[in-house]
Every structure is written in C-alpha cells, then in structure tokens.
Amino acid sequence: MTIENKLSSYHKRRDFTKTKEPIGKKQKISKQPIFVIQKHNARQLHYDFRLEIGKVLKSWAVPKGPSKDPKEKRLAIETDDHPLEYAQFEGKIPEGQYGAGTVKIFDYGTYENIKTRDGKLVPIKKCLRDGKIEVYLNGRRIKGSYVLIRFGENKKNWLLKKMKDKE
Ligand code: MN
C-alpha cells in the first residue's frame with residue numbers, strides 16, 4: 001500500500017485550507033522509528049498514541065491516556081493512519097473541522113520494537129497484523145516497555161498496558 005493510500009482516510013476528513021495539520025510528504029523523520037502521544041482536547045478529551053510503522057503513524061485514541069502502572073489496562077481505539085509530520089503538530093483545529101479542539105504534544109521520542117518469538121525479533125508490521133505489539137518507548141517523560149493487544153470482535157479495539165520492567 002502506498003502512503004497516499006494509507007493516508008486517504010486522513011486526507012478525506014480534512015480541508016487543508018482550513019486546518020494547519022500537515023498533509024504529509026515525508027517518508028522518514030529520524031533514523032530510529034518515532035512515537036508521539038498527543039493530548040487532544042476535542043469533544044472528548046483523549047490521548048492519541050502514534051507509532052511510526054510503514055512510513056506512517058499508526059494511531060490509537062486512548063481515552064484515559066497511558067498509565068505507568070503495569071496493573072492498569074487502557075482502552076486504545078485504532079484510528080486513521082497519520083502522516084509522520086503529525087508527530088510535530090501542536091495547535092488548534094478549527095471549529096467545524098474533524099477533531100476540532102486543541103492538540104498538545106504530551107511526549108515524543110523514538111521507540112524500539114522488542115517483540116521476540118523463539119529468541120528472534122518479530123518485524124513490527126507482523127506484530128501489527130498479529131495484534132500484539134511490544135515496544136520500548138524512549139520518550140522525554142515516558143521511558144519503558146508497553147504492550148498493545150488487539151481484542152474482541154471489533155478489529156479496532158486494543159488494550160495498552162505498561163509491561164513490567166525496571167522502569
Ligand atoms: Mn485525536
């Protein structure tokens with residue numbers, strides 16, 4: 001799938017003459033894959049958790065935001081793929097536009113895929129397909145391992161949970 005295809009839903013929902021959100025051109029931002037967590041004060045406050053996978057930001061809306069407590073599971077609803085440049089986006093999405101409200105970067109950084117099977121690293125795209133992602137987030141606020149697990153009938157529902165580690 002091309003980036004244009006992956007971003008078609010993102011593009012369709014937005015009028016770029018009205019919103020300052022990026023259209024997206026870049027296919028790479030840093031050597032390491034990046035992540036971002038954006039606090040999105042929209043109709044309902046939530047946190048958008050995004051991981052660079054396959055030249056776009058795979059995205060989940062986390063109503064309660066990530067927890068640092070391994071005992072806490074957080075619902076994460078898969079949303080549209082976003083362009084990589086979105087990781088730097090902060091500001092106001094105007095009234096009448098999709099996601100109207102304010103976006104603030106809560107944390108950002110790079111991540112490392114840590115999912116292994118039989119001692120071998122499982123490629124992140126396979127993790128996404130399989131519905132089990134394990135990443136080490138190297139953020140400014142958050143440093144530690146998180147797991148995302150898809151569950152239930154609806155393919156969009158995932159759980160986000162901190163893994164037990166020294167952090
Ligand atoms: Mn959002």
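Note that the structure is a prediction, hence the values are computed from the model and not measured. Side-chain atoms are counted along with the backbone in the values below, which use heavy atoms only and exclude waters and symmetry mates.
Judged purely by atom type and a 3.5 angstrom limit, Q38 has no side-chain atom pairing as donor or acceptor with the backbone of V103. In this structure, the side chain of K6 engages the main chain of G54 through a donor-acceptor pair within 3.5 Å.
With rounding to the nearest 0.5 Å, the separation of NZ in K20 from CD in Q97 is 11.5 Å. If you take CD on E112 and CG on N138, they are separated by 8.5 Å, rounding to the nearest 0.5 Å. Note that OG1 of T102 is 7.0 Å distant from NE2 of H40, once rounded to the nearest 0.5 Å. L128 contributes atom CG, which lies 5.0 Å from atom CD1 of I53 (distance to the nearest 0.5 angstrom). In this structure, the separation between CG on L160 and CG on L148 is 5.0 Å, given to the nearest 0.5 Å. Within the model, atoms CG of D80 and NZ of K58 stand 9.5 Å from one another, a figure rounded to the nearest 0.5 Å.
Each of K31, K28, K26 was scored for a salt bridge (charged side-chain N to carboxylate O under 4.0 Å, His left out) with E52, with one residue passing: K28. Evaluated for a side-chain contact (heavy atoms from CB on, under 4.5 Å) with Y146, the options R74, K68, E134 yield exactly one hit, K68.
With hydrophobic clusters built from ILVMFWY side chains whose heavy atoms lie under 4.5 angstrom apart, L75 does not share a cluster with I37. By the rule that hydrophobic residues join a cluster once side-chain heavy atoms approach within less than 4.5 Å of another member, I34 and I133 end up as members of separate clusters. Cluster annotation: Y47 is connected to V135 through the hydrophobic network of ILVMFWY side chains, with a link wherever side-chain heavy atoms come within less than 4.5 Å.
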Output a table of donor-acceptor pairs, distance under 3.5 Å, between side-chain atoms of residues 113-120 and any protein atom two or more places apart or on a different chain; print 'none' if there are none.
residue, atom, partner, partner atom, Å
N113, OD1, K115, N, 3.1
N113, ND2, V122, O, 2.6

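Using cut-offs of 30° and 60° for the angle between ring planes, the F89 and Y86 rings count as tilted.
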- [ ] Could you walk me through whether I149 and K161 pass side chain to side chain contact (heavy atoms under 4.5 Å, CB included), step by step?
- [x] CA-CA 8 Å; I149 301 163; K161 198 172 84 66; 5.7 Å; no
Task: Criterion side chain to side chain contact (heavy atoms under 4.5 Å, CB included) on I124 and Y111, from CA distance to verdict - done: CA-CA 11 Å; I124 192 82; Y111 78 84; 3.8 Å; yes
- [ ] Take Y136 and M163, measure what side chain to side chain contact (heavy atoms under 4.5 Å, CB included) needs, and give me the verdict at the end.
- [x] CA-CA 9 Å; Y136 182 88; M163 290 164 79; over 6 Å; no
- [ ] Kindly determine whether N157 and I77 satisfy side chain to side chain contact (heavy atoms under 4.5 Å, CB included), including the steps that lead there.
- [x] CA-CA 5 Å; N157 288 344; I77 304 145; 4.1 Å; yes
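Looking at residues two or more places apart in sequence or on another chain, you find a side-chain contact (heavy atoms from CB on, under 4.5 Å) between R140 and D107, Y108.
Y98 and R14 get closest at one heavy-atom pair: CD2-NH2, 3.5 Å. A pairwise comparison of heavy atoms in R129 and R150 identifies O-NH2, 2.6 Å as the closest pair. When every heavy atom of S145 is checked against every heavy atom of D165, the shortest pair comes out as N-OD2, 2.8 Å. Taking all atoms of both residues into account, the shortest heavy-atom contact from S59 to R50 is OG-NH1, 2.9 Å. The two residues L57 and P83 come nearest to each other via the heavy atoms CD1-O, 3.3 Å. When every heavy atom of G99 is checked against every heavy atom of A42, the shortest pair comes out as O-CB, 4.2 Å.
Donor-acceptor pairing under 3.5 Å is recorded for the side chains of H46 and D48.
Note on residues 49-78: pairs passing ring-ring contact (aromatic ring centres under 6.0 Å, His included), not counting sequence neighbours, are W60-W158.
By the 4.5 Å heavy-atom criterion applied to side chains, K162 and D69 are not counted as neighbours. Side chains of K132 and V147 form a contact here, defined as non-hydrogen atoms less than 4.5 Å apart. Two residues are said to be in side-chain contact when any heavy atoms from C-beta on lie closer than 4.5 Å; T110 and S30 meet this criterion.
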